[in-house]
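To keep things clear, I will list the structure first and then write my remarks on it.
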Amino acid sequence: MYLSRFRINTARPGARRLLSSPQSLHAAVMSSFPHLLPTVSAGPGTPSDGPRVLWRLDHNASAEVFLYVVSPDRPDLTHLVEQAGWPAAAAADPDNPGWQTRPYASFLDRLAQGTTWAFRLTANPVHHIRRKDDEPIKRTAHLTPVHQMAWLLERQERCGFRICEKPDSKRLLPSGNTHKKATHHGDRYELIVRDQRNLSFAKSRGDNAPGRRSVSLVAVTFDGRLQVTDSDLLRRTLVQGLGKAKAYGCGLMTLAPLPSAGERNQ
């Protein structure tokens with residue numbers, strides 16, 4: 001397994017085209033693997049029992065956008081450097097091809113139960129509802145931070161982690177119920193829901209069917225702290241993804257060490 005990071009040059013027209021189309025960016029990511037044939041399903045139909053290619057965009061600032069990729073094979077992102085990076089700088093420095101790739105397996109092997117990490121996850125929180133008795137059940141996006149947070153909390157244990165809770169002295173917002181009787185947790189958890197994006201694009205129907213169909217999805221980013229409860233389940237989450245729409249930049253969770261007490265106090 002490998003973890004790669006590529007900084008996107010937002011000033012380039014090719015970068016803006018990729019950032020405006022999750023489908024185009026998915027195709028660009030999958031083209032990074034020379035041994036992955038186009039006939040091999042690597043999108044929504046990929047089997048869920050093994051590692052897969054996952055990717056995520058981090059919009060840290062308007063001109064600071066990073067693409068993260070987790071993959072079973074080492075990627076070659078040369079085409080992305082040429083289209084959406086700094087090709088001249090990469091050509092001038094043989095030691096810096098324009099992206100960074102590190103082995104991921106050694107980090108995954110070190111995950112231990114009880115350890116605590118900062119995490120980031122971009123996901124597609126959905127549920128299945130029937131609005132009327134005579135209608136079929138439909139997959140529908142959660143649209144409020146309260147429901148999006150609840151979506152992640154419902155999955156935490158079976159994904160191998162537990163979201164850390166704040167001490168009582170640091171909680172400012174009380175928990176309770178919404179006007180629709182849904183439970184909300186105030187600021188009980190070390191968890192932030194941000195950057196909701198409503199994505200819509202056209203996709204071919206596949207199986208040689210004519211025409212294209214419209215795809216709409218909601219993506220949000222979760223930042224927080226977690227404790228490992230089952231290292232095997234968490235490893236599976238990190239390499240298989242969490243939730244739906246993995247082909248379109250959702251599902252990739254990454255971990256980072258927490259700052260030391262001295263660093264937090266500075």
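- Here Glu157 pairs with Arg162 in a salt bridge; the nearest charged N to carboxylate O distance falls below 4.0 Å.
- Proximity of Ile8 to Phe6: side-chain heavy atoms (C-beta onward) are separated by under 4.5 Å at one or more points.
- Judged by distance alone, the side chain of Trp55 and the main-chain N or O of Cys250 form no donor-acceptor pair under 3.5 Å.
- One hydrophobic cluster holds both Leu121 and Leu108 under the rule that ILVMFWY side chains link at heavy-atom gaps under 4.5 Å.
- When the shell of 6.0 Å around CZ of Arg102 is examined, it contains 12 or fewer heavy atoms from other residues, nucleotides or ligands.
- For Trp117 and Phe107, the distance between ring centers is under 6.0 angstrom.
- Taking CD of Gln83 as the start and OG of Ser24 as the end, the distance is 8.5 Å to the nearest 0.5 Å.
- Although no hydrogens or angles enter the test, the distance criterion places a donor-acceptor pair under 3.5 Å between the side chain of Asn124 and the main chain of Val218.
- Arg74 and Ser4 share no side-chain donor-acceptor pair at under 3.5 Å.
- The CZ atom of Arg158 sits 10.0 Å away from the OG1 atom of Thr237 when rounded to the nearest 0.5 Å.
- From Arg225, atom CZ reaches atom OG1 of Thr116 across 9.0 Å, with rounding to the nearest 0.5 Å.
- There is no side-chain donor-acceptor pair under 3.5 Å between Gln227 and Gln113.
- The shortest side-chain heavy-atom distance between His59 and Phe66 does not fall under the 4.5 Å cut-off.
- Within a 6.0 Å sphere centred on NZ of Lys166, heavy atoms belonging to other residues, nucleotides or ligands number more than 12.
- With 3.5 Å as the limit, one finds a donor-acceptor pair spanning the side chains of Thr78 and Asp76.
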